Every structure is written in structure tokens, then in C-alpha cells.
Amino acid sequence: MKPTKAFNRSLWAFHMNSGSCNGCEIEIVAAITPRYDPERFGIKLVGSPKHADLLLVTGPVVGKMKDRLVRVYEQMPDPKVVMCVGTCGISGGVFYDSYNLAGPVDQVVPVDVYVVGCPPRPEAIIHGVVTALAKLERIEGGEH
Amino acid sequence: MSEKSAKKAPYIVPIGPTHPALKEPVMFNFEMEGEVIKDVDFAPGQTHRGIEWMGMRRNPIQIVHLTDRICGICGVSHTFAFARAVEQIAGIEVPERGDYIRTILAEFERIQSHLLWAGVAAHELGFDSLLHLTWRVREQSMDVIENLTGNRVNYGIVQVGGVRRDIVPEQHKIIEDCLSTYEGLLSKLVTLFLEDRSIHMRCRDTGVLSKEDALGLCTVGPTARASGVNVDLRQDYPYAAYGDLDITAILPDQHMGETRGDVYDRIVVRLLEVGQSCGIIRQCLDQMPSGPVTAEAKLAKLLAICKKAQGEAIGRVEAPRGECFHYVRMDGKEAPANWKVKASSYSNLMSWIPMLRGEQIADIPIIVASIDPCLSCTDRVAVIRGRSRSVLTKEDLHRLSVEKTRRIQS
């Protein structure tokens, strides 16, 4: 991967579970550990949405988590991008007919990057983060 | 004045549901006096997806893919328990080789799950370099799982009647390599975790769960074993290939000479179980008979058998976190008439309360993580009617439970 000018700063991500099965959580944590090591580019998970540029949302957004997802999104400073990790956040996936879904994610907050897979591989998640970084750069440059 | 001071103590510290220390949403309310936890209450149910409800509208072959996604970490265990229940109802005999492959997969799942937990525990203690080491080591078991099943997580390999893929001789070498690496590494991991001074200081006598409490609260799995309760389904009620193998439950006094039931003992049990799982997989590879891996490879035929099935059964499996329990009732239709899941964390969550009482606020993350909670497994029940919510008392729940038993029996 060639560092582009999009790498002019570290990208910090906040991870929010909106009712996921844990599969995507494991792969997100696996993606930040030494085999993949995106931290060498300054990409890391942070503990508060107020510190984050990127929101990683996993899960199909169950009823109880809807308002919390909106609150977390609103707490993030601009410019921000949202990445939806996993098939169930994109379409409901295997949980499509559940009575307790308020999502897919893009019905609740605007999503910029979709990463498909149930769960996606760590490589796919990192590719998604790079795409999100490029989008963040474009937003800062005045594009939408 | 008195009213004012009554409001001051204890302080209520709410933590959650979205919280960086835990990857899953759960809500805690701590009553604090200074740094000390006086009382604690928690509200699970934040990730309830209605899986049982969905399952009762799908056929068993579709449900196995749903059970994989009850929990991303113990996918094999849930599918295994569900498949065992359906097999008993439909009278399907799983071929011996299928049972051995299921056992190998279940043990690999235990290895990766315990290593995952060890990393998370190190992270909760602020020991991030150990987190990274454990997770780097864990990737090798993920590679083997991917080689055997085709997926890293949510394997989709266990099917009603057996497994969907065989283990070919070329794969034996990959498994062997992984096992010998782990057996070599284990003593290093044990030294790093158990002989480290800061881990010892943070975990010894922290979050103690007495044997009486462990029995009284019906805890299962490594959480119970760390408190000295000798329970392990693989030893007590052997299923699949476990009856042919030599298994005894791992208890902390075997390694440490005493049982204190603290966080440290839970680390001991889980680390030693990684070694035990390596031994089980090795025994399975040596003893594995040849033959088919599934009772019925054609899914249409399998579905026809399941459709005719009538009756009820329980499937129990020792998941990495403890006993995983599936009750299924079929009445000659495509979808099961009843399906109930009791995941291992469901039994373990209540043990948080005696563990956390009297501890310091800084120990909350490691104590909460020490039972290896898996909330996506657990969140099964919600009472929502329109917009009104109601709180059910113990008597109400008991009444509902009795009514349901009667309904099922009639």
C-alpha cells in the first residue's frame, strides 16, 4: 500500500456494537493486532466517540440500541465518517425478519463505507478503513 | 441537612451500555462509597435479536446458520447443541467420523476462544503488549480453523446429521504443526501470565467467587471450575467422541495447590485448558475412524427426515464458557414448534454480583471480563408490548413459566 496524501494524520476509530453476534467484534480486534498492525499508520481504536474520526458500526441495530447509536454519532466531532461492518448491518442479513430490528444501520445514521461479509476478514476491514480515510480527506477538501 | 447527606452517599455510577472496556453492550449501575463498590446491578438484553422467534419460522437446515450467529465466538457449540437435539428427535445416527471431526472443531474453538479471552484480560489489566502477543499467537489457530472449515468465524460446518467437510490426510500436518507450536508456547504463556508480578497483584484475591456461591448461582464452565466446582460436560455426560477420550476437568488446585476462586484462578483454568484441548485434538487425530462424515449428505432428503420428526430433545455441549443448552420440540412440521437456548454466559452473569461487591472501581473491567461474558449468546428475553413496558416480578415469571410448561405438555 502506497501512503497517499490521505495519510496526513492519524485516523482514530470508535467501535460501536449495535446488537452484533460478536463475529465482527473479534475480526475488528484481530485487525488491530500484530499480524495486520494498522497502528503503524496511526489507525487505532479509541475509548470515546468524542476522540474519533471514524465510527465502526457492527450489528443490525436492535431496538434498544437505536437511540444510543444516534447519540454516539452526534457526539463525534466533524468531519466524521461512518463505516458499517458486516452483512447484518447492511441488510439485516441472517436476522432480516426479526421483530426487534430498528436498522439496517443506514436507516439510523448516514453510512459512508460498507464492508460486506459475515463477518468480513480483517483485510477487508482494513481496506474499508483506507476507503473511509480517503473519503474523510475528500470531505475536508470541501467535497461531499 | 439529613436529606442532603442521604443523597450524597452512596454515589451511583452508571457504566454502559456502550462502553470501551467491553465490546458488547451491557448496562451496569454501581453504588459506590468512595472507591469501594457497595452494590451492583446490571441490565443485559441490549443485543436481543429474537433468534428463537426467527428459528421457529425456519427449518432446521436453515437454523444451523442462524445458530452459528447466536455468537461469533462459540459458533460450533451452539450449532452442535442444536444439531444434537434435532438428531435425537429425528433418530439420526451421526457417523463416528463425523463425531470425531465435530470434537476436533469444538476443541479448536476452545483454543481460540481461551486465547482471545487471555488477550482481553491482559488488555483490561493495561498490559497491551501481552494482548498483542496472545492475539498474534491466536492467529495460527484461526488459520487452521479456516483451513478446516473455510471460514475464520461463523464456520457453517456443523450440519444436522454430521459435518459438511471431511478432514483429509494433507490437513493432518497443518493441525500437527499448530498443536506442537501451541504446546511449545503454552509454558511461555503460563509464565507470562502467572509469574508476572503486576498480574499477580491485580488478580490474586480479586473478584472472589466462593464454591458455595458458584454452586448456588449455577455457574458453569471455567468460571465454576475456577471456584473448585468439578463440572465439565465432556467428563460428566460425554457426547460425540468425548466418551472415547481421556478427559478430566481442570481445576486450579491441580496447578496451584489451592483453590481461591479469584480472577487469577480463572486465568489458570483457561490457560491449562488450551493445553488440554491440544491433547484432545491429538487423541482424536490418532483414533479417528474412516467412513462417511454425515448421515445424510443430500439436504433435500435430510429436510424430509426432519419434517417427519416428532418429539422433544435437549442438546448439551460444553462450550468454551460452559454448558450450552438447546431445547427443541418438533411436531411434524418444517419449523420447530419450540426452541429454547440457554447459553453458558446466561448462567454465569449472576456471579458478577458477589464478585464485584466490596471491590474497587478500578477492578471492574477485569472482574467483568473474568467470567468471559458473551452477551450476544445471552440476550434472549424481552417483554415489549407496543410502547408500554412492564417489570415482571419473580412470581410473575414463575407463573408464566408454569403456564408455558403446561402449554407445551398439552
Side-chain angles (χ1 to χ4, degrees), chain A residues 14-37 39 44-49 51-52 57-65 67-69 71-72 75 86-88 92-101 103 117-124, chain B residues 16-27 43 45-51 53-54 57-58 62-63 65-75 78 112-113 116 119-120 123 129 131-140 142-143 146 151-154 156 374-377 379 382 384:
Chain A
F14 180 77
H15 167 225
M16 162 134 188
N17 177 337
S18 73
S20 154
C21 75
N22 247 347
C24 297
E25 277 68 34
I26 310 168
E27 293 298 66
I28 287 173
V29 180
I32 59 160
T33 49
R35 179 182 274 186
Y36 309 98
D37 195 17
E39 211 165 310
K44 64 174 206 167
L45 288 178
V46 291
S48 164
H51 301 162
V57 188
T58 57
V61 193
V62 298
K64 272 194 169 181
M65 296 309 284
D67 294 345
R68 289 156 190 168
L69 177 58
R71 272 175 68 185
V72 165
Q75 282 179 26
T87 303
C88 63
V94 73
F95 311 120
Y96 73 99
D97 59 348
S98 169
Y99 55 80
N100 199 24
L101 294 197
C118 188
R121 296 180 62 85
E123 290 92 334
Chain B
T18 299
H19 179 246
L22 268 181
K23 288 283 162 243
E24 290 179 285
V26 61
M27 176 82 202
Q46 320 281 344
T47 64
H48 176 79
R49 286 153 293 166
I51 286 184
W53 186 88
M54 285 185 270
R57 279 147 191 83
R58 298 182 193 182
Q62 293 168 326
I63 294 177
H65 299 286
L66 195 57
T67 50
D68 268 354
R69 286 159 182 82
I70 288 179
C71 169
I73 313 177
C74 18
H78 279 289
Q112 66 91 357
S113 173
L116 176 152
V120 172
H123 171 71
S129 48
L131 156 78
H132 287 300
L133 174 77
T134 341
W135 278 65
R136 182 174 63 77
V137 173
R138 175 179 172 266
E139 283 291 322
Q140 193 170 357
M142 299 301 278
D143 288 345
E146 190 178 9
N151 295 315
R152 282 166 57 90
V153 180
N154 292 346
C374 179
L375 297 158
S376 57
C377 282
D379 292 347
I384 305 166

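Note that the structure is a prediction, hence the values are computed from the model and not measured.
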Engineer: Are B/W135 and B/L116 close enough, and set up right, to give a side-chain contact (heavy atoms from CB on, under 4.5 Å), and what steps lead you there?
Structural biologist: CA-CA 7 Å; B/W135 278 65; B/L116 176 152; 3.6 Å; yes
Engineer: Quick one: what part of B/I73 sits under 4.5 Å from any heavy atom of chain A, side chain, backbone, both or neither?
Structural biologist: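 Both backbone and side chain.
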Engineer: Would a distance-only check, ignoring hydrogens and angles, find a side-chain to backbone donor-acceptor pair under 3.5 Å from B/R152 to B/E146?
Structural biologist: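 Looks like no, no N/O pair under 3.5 Å.
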Engineer: Is A/I28 close to chain B through its backbone or its side chain, or both, or neither, when contacts mean heavy atoms under 4.5 Å?
Structural biologist: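 When you check distances to chain B, no heavy atom of A/I28 falls under 4.5 Å.
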Engineer: Using a cut-off of under 4.5 Å on heavy-atom pairs, state which of A/H15, A/M65, A/R68 scores highest against chain B.
Structural biologist: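 Between A/H15, A/M65, A/R68, the count favours A/R68.
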Engineer: For A/Y99 and B/W53, take the angle between the two ring planes, folded into 0 to 90°, and tell me which bin it lands in: parallel under 30, tilted 30 to 60, perpendicular over 60.
Structural biologist: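 Aromatic pair A/Y99/B/W53 classed perpendicular.
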Engineer: Top residue by heavy-atom pair count (under 4.5 Å) with chain A, among B/R58, B/R138, B/M142?
Structural biologist: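 Among the listed options, the one with the most contacts to chain A is B/R58.
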Engineer: For chain B, which candidate among A/V61, A/D97, A/T58 shows the most heavy-atom pairs at distances under 4.5 Å?
Structural biologist: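 Among A/V61, A/D97, A/T58, the one with the most close pairs to chain B is A/D97.
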Engineer: Of all of A/G23, A/C118, A/G59, which one pairs up most often with chain B through heavy atoms under 4.5 Å apart?
Structural biologist: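 Heavy-atom pairs under 4.5 Å are most numerous for A/C118.
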Engineer: Non-hydrogen atoms of chain A under 4.5 Å away: do they reach the side chain of B/Q62, the backbone, both or neither?
Structural biologist: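 Contact with chain A is absent: no heavy atom of B/Q62 under 4.5 Å.
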Engineer: Could you tell me whether a side-chain N or O of B/N151 sits under 3.5 Å from a main-chain N or O of B/V153, the two making a donor and an acceptor?
Structural biologist: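 Side chain of B/N151 to backbone of B/V153, a donor-acceptor pair under 3.5 Å: no, none is there.
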Engineer: Which of these passes side-chain hydrogen bond (donor to acceptor under 3.5 Å, both in side chains) with A/R35: B/E139, B/Q140, B/H132?
Structural biologist: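 Filter result, single survivor: B/E139.
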Engineer: Where is the tightest heavy-atom contact between B/N154 and B/D68, given as atom of each residue plus distance?
Structural biologist: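 Looking at all heavy atoms of both residues, the shortest contact is OD1-O, 3.2 Å.
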